[in-house]
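Have a look at the structure below before the remarks.
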Amino acid sequence: MADKEDREYRTGQGVPEDGEYICQSGKKAKLNRNEDFPACPISDEETVWTNEDQS
């Protein structure tokens with residue numbers, strides 16, 4: 001289950017669970033389950049997001 005922490009999500013994919021995520025540019029965002037991962041808040045381009053929850 002450690003994979004969950006390392007999982008990457010791309011812009012447009014569905015958010016699997018509520019939580020705080022961080023994009024490649026280092027910007028954090030609180031996202032809710034059933035939303036889609038947004039574009040990068042800094043560049044407004046597609047990005048990769050990872051889950052910041054380390055618990």
Side-chain angles (χ1 to χ4, degrees):
M1 289 186 206
D3 312 324
K4 188 171 94 171
E5 294 172 5
D6 298 326
R7 179 99 192 239
E8 294 182 339
Y9 305 95
R10 295 193 163 276
T11 298
Q13 284 186 293
V15 177
E17 62 184 325
D18 295 352
E20 192 163 279
Y21 293 83
I22 186 168
C23 75
Q24 283 179 308
S25 298
K27 185 72 175 174
K28 293 181 183 181
K30 288 186 181 180
L31 301 172
N32 297 312
R33 185 174 182 220
N34 298 325
E35 291 180 340
D36 289 336
F37 284 97
C40 175
I42 295 173
S43 69
D44 200 33
E45 295 184 11
E46 288 190 12
T47 191
V48 175
W49 293 87
T50 54
N51 191 327
E52 273 296 293
D53 183 13
Q54 299 298 317
S55 59

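Residue indices begin at 1 and follow the sequence shown. Keep in mind that the numbers below use all heavy atoms, side chains included, and drop hydrogens, waters and symmetry copies. Here the structure is a predicted model, which means the values were calculated and not measured.
- Across all their heavy atoms, Pro41 and Lys27 have their closest contact at CG-CG, 3.4 Å.
- Of the inter-residue distances, the one linking Ile22 atom CD1 with Lys28 atom NZ reads 5.5 Å to the nearest 0.5 angstrom.
- Residues Pro38 and Leu31 meet the side-chain proximity criterion, which asks for heavy atoms closer than 4.5 Å.
- Counting only distance, with no hydrogens or angles, the side chain of Thr11 and the backbone of Thr47 share a donor-acceptor pair below 3.5 Å.
- Rounded to the nearest 0.5 Å, atoms CZ (Arg10) and CD (Gln24) are 7.5 Å apart.
- Atoms OH and CD, from Tyr21 and Glu8 in turn, are 13.0 Å apart once rounded to the nearest 0.5 Å.
- Residues Asn51 and Glu17 have side chains in contact (heavy-atom distance under 4.5 Å, counting atoms from C-beta outward).
- Within 6.0 Å of CG on Asp44 lie no more than 12 heavy atoms contributed by other residues, nucleotides or ligands.
- Heavy-atom minimum distance, Val15 versus Asp36: CG2-C, 4.1 Å.
- The side-chain contact (heavy atoms from CB on, under 4.5 Å) test with Cys23 singles out one residue from Phe37, Tyr9, Trp49, and that residue is Trp49.
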